[in-house]
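The structure is given below, and queries will be raised subsequently.
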Amino acid sequence: MKRKKIVAGNWKMNLSYPESETLTKGILAEVSQWTNDQCEVMLFPPALYVTSVAHQCVSVPHVYVGGQNMHTQTQGAYTGEISAMMLASIGADAVLVGHSERRMLFHETNDFLAQKVNAALQHNLTPVYCIGETLTERESEKTFHVLEQQLQEGLYHLSETQLANTIIAYEPVWAIGTGKTATPEQAQEVHAFIRKSIQKQYQNADLAQNIILLYGGSVKPDNAEALFNQPDIDGGLIGGASLKAEDFMALVRAACQIAQKG
Ligand code: PGA
């Protein structure tokens, strides 16, 4: 089975509401020219805007909308939080889990993130589980060890079917928002490692081959094609370059043209 490409925009804590509306309109004006079954788009606006963006995208095929974060619990006394149930109830399709900013700034652990992955799946949201090493970890040759632990503790409790409904995003922490991108070879090496790890854990080659793996970290219009062309990279999770319709659409075009070539 051929894997599809996905370009996902993580707007983080950026944009006023009117700016987010302009960005959504800019993307929707062009996106359907490029997307199809083999090439899809995901948008992760700030929580306040998810409802509006989800409503605008509801009848647009191949464009999915999600939250950047959510709590492990369904409802209750958790002031300030939102839940998977709430995201699902406004028509969201997905949720980012364990972005490195959540891990580092908000001290989210693999165990806690495993609960979020469960909550997302329970409410039929696709979890996009983020993993990645810091510069210190890479320089001390701990990259694969760190990634394996993030996979073991955050994901490998899932059944095969649940894992098949999950997306993994590899985002080296040293490449996020820094302008330093992993080279296509570095990113490819890690993506191949992730498939090998899944195959070893589940003893299931199809599962490892079919799961969608995104790369994230300073993906820009000028480096996207080389990254998206790697055999084990299925697209990108984009921060900075997802905030301008023109840049984001350049990435969508790059991914969809590669998908079309097969
Ligand atoms: P960046 O962010 O593209 O700005 O590096 C990527 C991310 O954090 O998802």
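We count ligands from 1, going down the list as the structure has it; atoms in each ligand are counted the same way. Quantities reported herein were computed from a predicted structural model and do not represent experimental measurements.
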| ILVMFWY cluster membership beyond Met13 - transitive side-chain contacts under 4.5 angstrom |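 Members other than Met13 - counting any ILVMFWY side chain reachable under 4.5 Å - there are none.
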Which atoms of ligand 1 sit under 4.0 Å from any heavy atom of Gly177?
->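 The atoms of ligand 1 under 4.0 Å from a heavy atom of Gly177 are 1 (P), 4 (O), 5 (O).
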Q.
Quick check: is Val50 connected to Val63 through a chain of hydrophobic side chains (ILVMFWY, heavy atoms under 4.5 Å apart)?
A.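 They do share one cluster, since a chain of ILVMFWY contacts under 4.5 Å joins Val63 to Val50.
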- prompt: Considering only heavy atoms of Asn10, which atoms of ligand 1 have at least one such atom less than 4.0 Å away?
  reply: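 By the 4.0 Å cutoff, the relevant atoms are 9 (O).
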**Report entry** Geometric N/O contact Gly240 with ligand 1, under 3.5 angstrom
**Finding:**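 Such a contact does occur with ligand 1.
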With heavy-atom distances below 4.0 Å as the criterion, list the atoms of ligand 1 near Lys12.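 Matching atoms, with element in brackets: 2 (O), 7 (C), 8 (O).
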Is there a path from Ile82 to Met42 through hydrophobic residues (I, L, V, M, F, W, Y) whose side chains come within less than 4.5 Å of each other?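 No.
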Practice problem: For Glu81 and His71, test the side chains for any donor-to-acceptor distance below 3.5 angstrom and give the result as yes or no. | Solution: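 No, no side-chain donor-acceptor pair sits under 3.5 Å.
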### Query
Do the side chains of His62 and Trp34 get nearer than 4.5 Å, heavy atoms only?
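When only atoms from C-beta onward are counted, His62 and Trp34 do not touch, as no gap falls below 4.5 Å.
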If the cut-off is 4.0 Å to any non-hydrogen atom of Ala175, which atoms of ligand 1 fall inside it?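 Answer for ligand 1: 5 (O).
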Using heavy atoms and a 4.0 Å limit, tell me yes or no: is Ser218 in contact with ligand 1?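 In this structure, Ser218 qualifies as a contact of ligand 1 - some heavy atom is under 4.0 Å.
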* Asked: Going hydrophobic residue to hydrophobic residue with side-chain gaps under 4.5 angstrom, can you get from Val173 over to Tyr170?
  ->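 In one cluster with Val173: Tyr170, no.
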| query | Closer than 4.0 angstrom: is that true for some heavy atom of Lys220 and an atom of ligand 1? | reply |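 Lys220 does not count as a contact of ligand 1 under the 4.0 Å cut-off.
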Notebook entry, point to check: Hydrophobic cluster mates of Phe112, side-chain heavy atoms under 4.5 angstrom, ILVMFWY only, any path?
Noted result: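 Answer for Phe112: none, a lone residue.
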Worksheet item: For ligand 1, which atoms, with element, lie under 4.0 Å from some heavy atom of Gly217?
Response: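 Selected atoms, number and element: 5 (O).
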With a 4.0 Å heavy-atom cut-off (strictly under), which part of Ile176 contacts ligand 1: side chain, backbone, both or neither?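 Both of them.
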Point to revise | Nearest neighbour of atom 3 (O) of ligand 1 from the list Gly239, Pro172, Gly9, Gly216, on a heavy-atom basis | key: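 The residue whose heavy atom sits nearest atom 3 (O) of ligand 1 is Gly239.
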Test side-chain hydrogen bond (donor to acceptor under 3.5 Å, both in side chains) applied to Asp232 and Arg195, Lys196, Gln209, the passing residue: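 Answer to the side-chain hydrogen bond (donor to acceptor under 3.5 Å, both in side chains) test with Asp232 among Arg195, Lys196, Gln209: Arg195.
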_Measuring from atom 8 (O) of ligand 1, which candidate in Gln68, His99, Glu171 has the nearest non-hydrogen atom?_
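The nearest heavy atom belongs to His99.
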